[in-house]
Amino acid sequence: MKEAAAHEQFIRSFFHEYDCPILSDEHGRLVIQLTDKMDEALMNRPFYWHYIKKMGRQGDPMSLTLITNPDLSEEKGEYIHSGSPRLRQLYRFLQDNCRFTKLYEAVTITDQQSPLVPWLVTNLRISYFGKQKKDELLSIGLNLIHGTLVPSFMERIENYPLETTISDFTFPMTPLIRIPSGYQRIVSYVHNHIESQDRSWASQAMEALHEEKQLLSAFFKEENEEDRKLLEQELEALKGRFIPKVTVDVINGGLFYFSQPTTNQIII
């Protein structure tokens with residue numbers, strides 16, 4: 001259920017960012033009304049939108065029903081889970097369109113200049129490949145003044161308004177930790193996180209590989225050169241499917257600036 005909750009939060013944040021209203025949000029079932037732009041980007045209707053634009057008519061964007069609750073996976077809609085096509089499509093969209101951003105907390109201050117604290121934010125996807133594939137989302141924020149690292153960062157800041165322009169009577173503090181150095185700290189955190197995970201999935205993958213190799217060897221008699229070559233090809237394909245590996249992809253990130261009171265709340 002923790003994984004489902006992470007997917008659900010990601011979906012909410014994604015469509016909120018692109019001004020797509022969530023019409024219904026109940027028990028892990030979300031109905032989202034797409035805008036023209038997002039329908040064109042996500043729904044694979046190029047001929048429809050070409051026609052609409054050519055005719056100068058108003059488009060009729062579709063709605064999406066996304067289900068993150070495994071108990072509702074048989075209901076009408078798209079079941080979202082690690083590796084599901086729609087989820088990976090949303091990741092790709094972010095990677096193609098908004099890899100890096102700079103945002104400022106919207107604050108109202110009228111009497112004095114107030115500093116905004118810089119945070120380096122990185123959202124990542126860790127993919128575990130073995131007998132089965134599993135994706136894990138991490139959102140990490142690093143305070144560039146004193147180095148505090150905060151996991152689940154996007155969840156902690158979801159209720160704070162952010163803007164692309166800085167509020168009046170505020171100024172961004174100059175980072176004491178350089179961005180490359182800060183990013184390496186995040187990389188080290190991710191590496192330690194992966195090392196701390198239960199590795200039974202990798203052992204299961206190697207067991208499955210051994211079983212598949214035995215079955216394959218029993219099937220091929222290797223009576224001629226052609227059979228031997230085919231067996232080698234099949235064995236290589238098995239290794240590609242079952243040998244455990246872990247990949248890390250940066251979805252997006254940026255510099256976020258928060259007031260000192262907000263920074264204190266984030267760290268707690």
Side-chain angles (χ1 to χ4, degrees), residues 2-18 68 80 82-84 87-106 115-129 133-166 172-197 245-260 262-268:
K2 183 178 180 181
E3 180 181 288
H7 293 329
E8 190 172 319
Q9 180 57 41
F10 169 73
I11 290 168
R12 287 198 194 98
S13 299
F14 178 94
F15 286 107
H16 174 75
E17 180 68 24
Y18 289 99
T68 59
I80 301 300
S82 293
S84 63
L87 188 62
R88 300 190 74 81
Q89 182 193 39
L90 300 185
Y91 293 155
R92 286 196 303 270
F93 182 88
L94 289 176
Q95 289 175 326
D96 293 341
N97 293 276
C98 51
R99 296 277 290 184
F100 187 86
T101 188
K102 182 182 289 186
L103 296 172
Y104 305 89
E105 181 184 4
L116 298 181
V117 179
W119 289 80
L120 177 62
V121 180
T122 307
N123 298 315
L124 312 105
R125 178 179 68 247
I126 304 174
S127 297
Y128 301 86
F129 295 88
K133 181 178 180 295
K134 175 186 175 182
D135 289 336
E136 180 183 16
L137 300 178
L138 290 184
S139 178
I140 303 167
L142 179 76
N143 187 304
L144 293 177
I145 298 299
H146 50 62
T148 299
L149 191 148
V150 176
S152 302
F153 192 79
M154 295 304 294
E155 295 176 20
R156 289 175 179 255
I157 67 170
E158 62 179 337
N159 294 321
Y160 297 103
L162 296 168
E163 297 179 347
T164 56
T165 57
I166 193 167
M173 297 178 68
T174 301
L176 298 181
I177 300 172
R178 296 174 61 247
I179 290 177
S181 175
Y183 183 70
Q184 286 304 313
R185 296 191 190 195
I186 292 175
V187 169
S188 295
Y189 172 85
V190 173
H191 177 79
N192 291 334
H193 172 80
I194 294 171
E195 288 292 322
S196 70
Q197 300 302 298
K245 65 177 179 179
V246 180
T247 63
V248 180
D249 297 307
V250 174
I251 299 172
N252 57 17
L255 282 174
F256 289 28
Y257 291 85
F258 290 97
S259 65
Q260 190 60 60
T262 298
T263 290
N264 294 339
Q265 293 174 3
I266 292 172
I267 293 173
I268 292 175

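For N123, the side chain to side chain donor-acceptor pair (under 3.5 Å) test picks out S139, N252, with sequence neighbours left out. The side chain to side chain donor-acceptor pair (under 3.5 Å) search around S152 returns none, not counting sequence neighbours. Considering only residues two or more places apart in sequence or on other chains, V250 meets the side chain to side chain contact (heavy atoms under 4.5 Å, CB included) condition with T122, L124, Y183. For T247, the side chain to side chain contact (heavy atoms under 4.5 Å, CB included) partners are S127, F129, D249, not counting sequence neighbours. Checked against side chain to side chain donor-acceptor pair (under 3.5 Å), S188 has no partners two or more places apart in sequence or in another chain. Judged as a side chain to side chain donor-acceptor pair (under 3.5 Å), and not counting sequence neighbours, the contacts of R12 are E8, D25.
Shown here is R178, whose CZ atom has no more than 12 heavy atoms of other residues, nucleotides or ligands within 6.0 Å. By the neighbour-count criterion of 12 heavy atoms within 6.0 Å, atom NZ of K102 is sparsely surrounded, having that number or fewer from other residues, nucleotides or ligands.
A pairwise comparison of heavy atoms in L116 and Y104 identifies CD1-CD2, 4.1 Å as the closest pair.
At a threshold of 4.5 Å between non-hydrogen side-chain atoms, the residues V117 and Y257 do not count as touching.
A donor atom on one side chain and an acceptor atom on the other are not found under 3.5 Å apart for H16 and E158.
Aromatic ring orientation, F153 versus W119: tilted (interplanar angle from 30° to 60°).
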